[in-house]
Engineer: 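For reference, the structure I am asking about is given below.
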Amino acid sequence: MKKTVLASALALALSGSAFAAQVPDDVTLAENQTLIWGVAGEVPTLDPTKSSDTASNKIISDLFEGLMVRNPNGDVVPGLAKDWEVSEDGLTYTFHLRKAKWSDGEPITAADVVYTLQRVVDPVTGAPYAWYLGTANIQNAKAITDGEKPAEQLGVKAIDDHTVEFTLERRTPYFPNMLTHSSTYPVPQHALEAFGDSWTRPDNMVNSGAYNLTNWVINERIDLARNPLYWNNDETVIDKTSYVASSDVNAEYNRYRTGEIDITSSFPLEAFDQIKKERPNELITMPSLATYYYLFNTEKAPFDDVRVRKALSYAIDRNIITDIILGQGQLPAYSATPPAINHFEPPKLEWAEMSQDDRYQKAKALLAEAGFTQDNPLEFELVYNTMESHKKLALAVTSMWKRHLPVNVNLANQEWKTFLQKVLQKDFDVARDGWIGDYNEASTFLSYFSSDGMNKTSWGNKDYDKALDQALTVAEPEKRKAYYQEAERIFARDMPAIPLYFYTRSVIKSPKVGGYNIDNPNKLRYTRNLYITKN
């Protein structure tokens, strides 16, 4: 089988600062290399296979490493894999592992990679990202998650201790990108077999990343310390890092001001202008590959009626949301995929081209056609997780709905774990959601709504799925764009979710924290790339 190593050679050329803090020669490091992050809400899990939220993924990215990772600029580079080869037909990828160790000294092997990915797709595991390996087109992944084949038939095998081979069902040109996602991070089979579900406790955890778990106080904080057995520990600078949990952005901001937190996860929206004025060198606004939605439960009447879904979407003035309510450079969203995605251009959509007044009129007409009037108003619950920004947006949107449509909306504010469980169990009418791209390619946003995707809406459309399937077979990114645009048109026609805005990402960062890239649109920033300067 003929193979090429061009892809791995390119990645290695980009890898430069992938794993280490790049400290300029004129910078003096602080003696105490401790970094404290703010994190929104309690972290549900530290098991890479079972994580589906950004708070967990942030900490997991410090504890574990994937075959592929991203460098500070957002480029995809080798991680636990030192390089890889791809067959000429694009259906076989062979990764060569570094001689790395788990934190307990055991070697990380290709068998660990195979075990992990079989665990992800096995229905018994209940992994929220089980569908992901199917969208990566790994052989038999979908059949396994559908219960049609055993996990052992997944197209991943260990050639030897340091070589793992992936067999794909179809060409997937961006396949290495997909291995940067936390659900694919290898986990230690020996630790899981020894400790079961308690393997992620501080006394039991065995991990592969630059840091080890030392303390976990529920609803309060998680502490990590440098992993001396990490394969590139000599190039790491930060010795300890902690994550302080808070569902209240005001409390988090106050902790930042008192020096308890070095980098916030968020801050009060209403304080943006004041912070920008008072702390111009600490407020950072970055591009982001993320979309904010309201999801419909399309299994539940009346949201099984597309007229109701479109009416609620059309009756929202997104310019008011982005310019007045948010005011941090966010963009109005009329499609699922952010315009900042590589090799993508949103199609022209009729409803997006309307004036807002025309959208209001169309919304009224659609809701009336569906049978909802002032005498028979539409009643439903909008659920969102506890955070001031979500509450503020929900109040604004419901105000728009009530002003222009015959609706009665009950707002339900829930703590993160309760909210997540409610949405995953599809026990909702309309729910707040957001999607951050797992990799920089349009399919990461569009596959979310495919019949086999995470898709919390229960919506499915064969033409939509077909467009995505066709895109996956095309090697040239520019040619894939046409299929992605077709999927966007179908999404707009059926409106399974309301796209509200495309994120920017703003944080407040202490000036003493160095190495923080402000141009990378991917959300993750690895602690191993950062350092603390002397005041």
Engineer: Considering all heavy atoms of both residues, which atom of Pro44 and which atom of Lys417 are nearest to each other, and what is their separation?
Structural biologist: CA-CE, 3.7 Å

Engineer: Inspect the surroundings of NZ in Lys157 and state if more than 12 heavy atoms from other residues, nucleotides or ligands are less than 6.0 Å away.
Structural biologist: no

Engineer: To the closest 0.5 Å, what do you measure between CG (Asn207) and CH2 (Trp102)?
Structural biologist: 8.0 Å

Engineer: Can you confirm if the aromatic rings of Tyr384 and Phe419 lie within a centre distance of less than 6.0 Å?
Structural biologist: no

Engineer: Quick check on Asp197: does its CG atom have over 12 non-hydrogen neighbours (other residues, nucleotides or ligands) under 6.0 Å away?
Structural biologist: no

Engineer: Side chains of Trp131 and Asn455: is there a donor and an acceptor less than 3.5 Å apart?
Structural biologist: no

Engineer: Show your reasoning for whether side-chain hydrogen bond (donor to acceptor under 3.5 Å, both in side chains) applies to Glu65 and Tyr526.
Structural biologist: CA-CA 10 Å; Glu65 190 158 284; Tyr526 303 107; over 6 Å; no

Engineer: Is it the case that more than 12 heavy atoms not belonging to Lys481 sit under 6.0 Å from its NZ atom?
Structural biologist: yes

Engineer: For the residue pair Tyr129 and His181, categorise the inter-ring angle as parallel (less than 30°), tilted (30 to 60°) or perpendicular (more than 60°).
Structural biologist: tilted

Engineer: Flag the pair Asn522 / Leu524 as yes when at least one side-chain heavy-atom distance between them is below 4.5 Å, and no otherwise.
Structural biologist: no

Engineer: Please find out if less than 6.0 Å separates the ring center of Phe303 from that of Phe380.
Structural biologist: yes

Engineer: Any side-chain heavy-atom pair from Phe372 and Val407 closer than 4.5 angstrom?
Structural biologist: no

Engineer: Glu148 versus Gln153: any side-chain heavy-atom pair under 4.5 Å?
Structural biologist: no

Engineer: For residues Tyr174 and Ser443, is any side-chain donor paired with an opposing acceptor at under 3.5 Å?
Structural biologist: yes

Engineer: Any chance you could lay out the side-chain hydrogen bond (donor to acceptor under 3.5 Å, both in side chains) test for Asn227 and Ser103, step after step, and finish with the verdict?
Structural biologist: CA-CA 7 Å; Asn227 174 10; Ser103 56; 5.2 Å; no

Engineer: Taking Thr241 for its side chain and Leu224 for its backbone only, find out whether a donor-acceptor pair lies under 3.5 Å.
Structural biologist: no

Engineer: State, without any angle test, whether Tyr243 and Asp62 hold a side-chain donor-acceptor pair at a distance under 3.5 Å.
Structural biologist: yes

Engineer: Surrounding CD of Glu350 (heavy atoms of other residues, nucleotides or ligands, distance under 6.0 Å), is the total greater than 12?
Structural biologist: no

Engineer: Can you find a heavy atom in the side chain of Glu252 that is under 4.5 Å from one in the side chain of Ser265?
Structural biologist: yes

Engineer: Can you confirm whether or not the ring centre of Trp435 sits under 6.0 Å from the ring centre of Tyr293?
Structural biologist: no

Engineer: If you draw a 6.0 Å radius around NZ in Lys392, do more than 12 non-hydrogen atoms from other residues or ligands fall strictly inside?
Structural biologist: yes

Engineer: Under a 3.5 Å threshold, yes or no: a donor from one side chain and an acceptor from the other, between Tyr464 and Glu488?
Structural biologist: no

Engineer: Under a 3.5 Å threshold, yes or no: a donor from one side chain and an acceptor from the other, between Ser506 and Gln328?
Structural biologist: yes

Engineer: Between the side chains of Arg307 and Asp305, is the shortest nitrogen-to-carboxylate-oxygen separation below 4.0 Å, so that they form an ion pair?
Structural biologist: yes

Engineer: Answer yes when Arg489 and Glu486 have at least one side-chain N-carboxylate O distance shorter than 4.0 Å, and no when they do not.
Structural biologist: yes

Engineer: Give a yes or no on whether a salt bridge exists between Lys310 and Asp494, defined as a side-chain N under 4.0 angstrom from a carboxylate O.
Structural biologist: no

Engineer: Using distance alone, with no hydrogens and no angle criterion, decide if Asn140 and Lys149 have a side-chain donor and acceptor under 3.5 Å apart.
Structural biologist: yes

Engineer: Roughly how far, to the nearest 0.5 Å, is the CZ atom of Phe449 from the CD1 atom of Ile490?
Structural biologist: 14.0 Å

Engineer: For residues Trp459 and Glu299, determine if any side-chain heavy atom of one lies less than 4.5 Å from a side-chain heavy atom of the other.
Structural biologist: no

Engineer: Using side-chain hydrogen bond (donor to acceptor under 3.5 Å, both in side chains), reason through Thr527 and Trp37 one step at a time and then give a plain yes or no.
Structural biologist: CA-CA 10 Å; Thr527 301; Trp37 302 81; 3.2 Å; yes

Engineer: Side chains of Trp199 and Asp47: any donor to acceptor distance under 3.5 Å?
Structural biologist: yes

Engineer: Is a donor from one side chain sitting under 3.5 angstrom from an acceptor on the other, for Ser56 and Asp53?
Structural biologist: yes

Engineer: For Ile498, run the side chain to side chain contact (heavy atoms under 4.5 Å, CB included) check against Asp433, Ile316, Val397 and tell me which one passes.
Structural biologist: Ile316

Engineer: When you compare the side chain of Asn215 with that of Ile222, does any pair of heavy atoms fall below 4.5 Å?
Structural biologist: no

Engineer: Indicate whether any N or O donor in one side chain lies under 3.5 Å from an N or O acceptor in the other, for Arg318 and Thr322.
Structural biologist: no

Engineer: Check whether the side chains of Thr214 and Asp223 place a donor and an acceptor atom closer than 3.5 Å, and report yes or no.
Structural biologist: no

Engineer: Start with the C-alpha distance between Arg170 and Asp469, add both sets of side-chain angles, then the distance that settles salt bridge (Lys or Arg N to Asp or Glu O under 4.0 Å), and finish with yes or no.
Structural biologist: CA-CA 9 Å; Arg170 66 186 70 183; Asp469 285 343; 3.7 Å; yes

Engineer: Are any of the side-chain heavy atoms of Leu154 and Phe166 separated by less than 4.5 Å?
Structural biologist: no

Engineer: Any chance you could lay out the side-chain hydrogen bond (donor to acceptor under 3.5 Å, both in side chains) test for Ser51 and Asn57, step after step, and finish with the verdict?
Structural biologist: CA-CA 7 Å; Ser51 171; Asn57 287 344; 2.6 Å; yes

Engineer: Between Tyr294 and Phe296, is the ring centre distance below 6.0 Å?
Structural biologist: no

Engineer: Below 4.5 Å, heavy atoms only, C-beta onward: do Asn204 and Arg201 meet side chain to side chain?
Structural biologist: yes

Engineer: Taking NZ, NE, NH1 and NH2 as the nitrogens, is one of them in Lys142 or Glu169 under 4.0 Å from a carboxylate oxygen of the other?
Structural biologist: no

Engineer: What distance separates Asn410 CG from Thr398 OG1, expressed to the nearest 0.5 Å?
Structural biologist: 10.5 Å

Engineer: With a 6.0 Å cut-off (strictly less than), is the heavy-atom count around NZ of Lys422, excluding the residue itself, greater than 12?
Structural biologist: yes

Engineer: Examine Arg432 relative to Tyr292 and say whether NZ or CZ is less than 6.0 Å from the centre of the six-membered ring and inside a 45° cone about the ring axis.
Structural biologist: yes

Engineer: For a quick test of reading the model, state the closest non-hydrogen atom pair linking Pro332 to Asn319 and the distance between them.
Structural biologist: CG-OD1, 3.4 Å

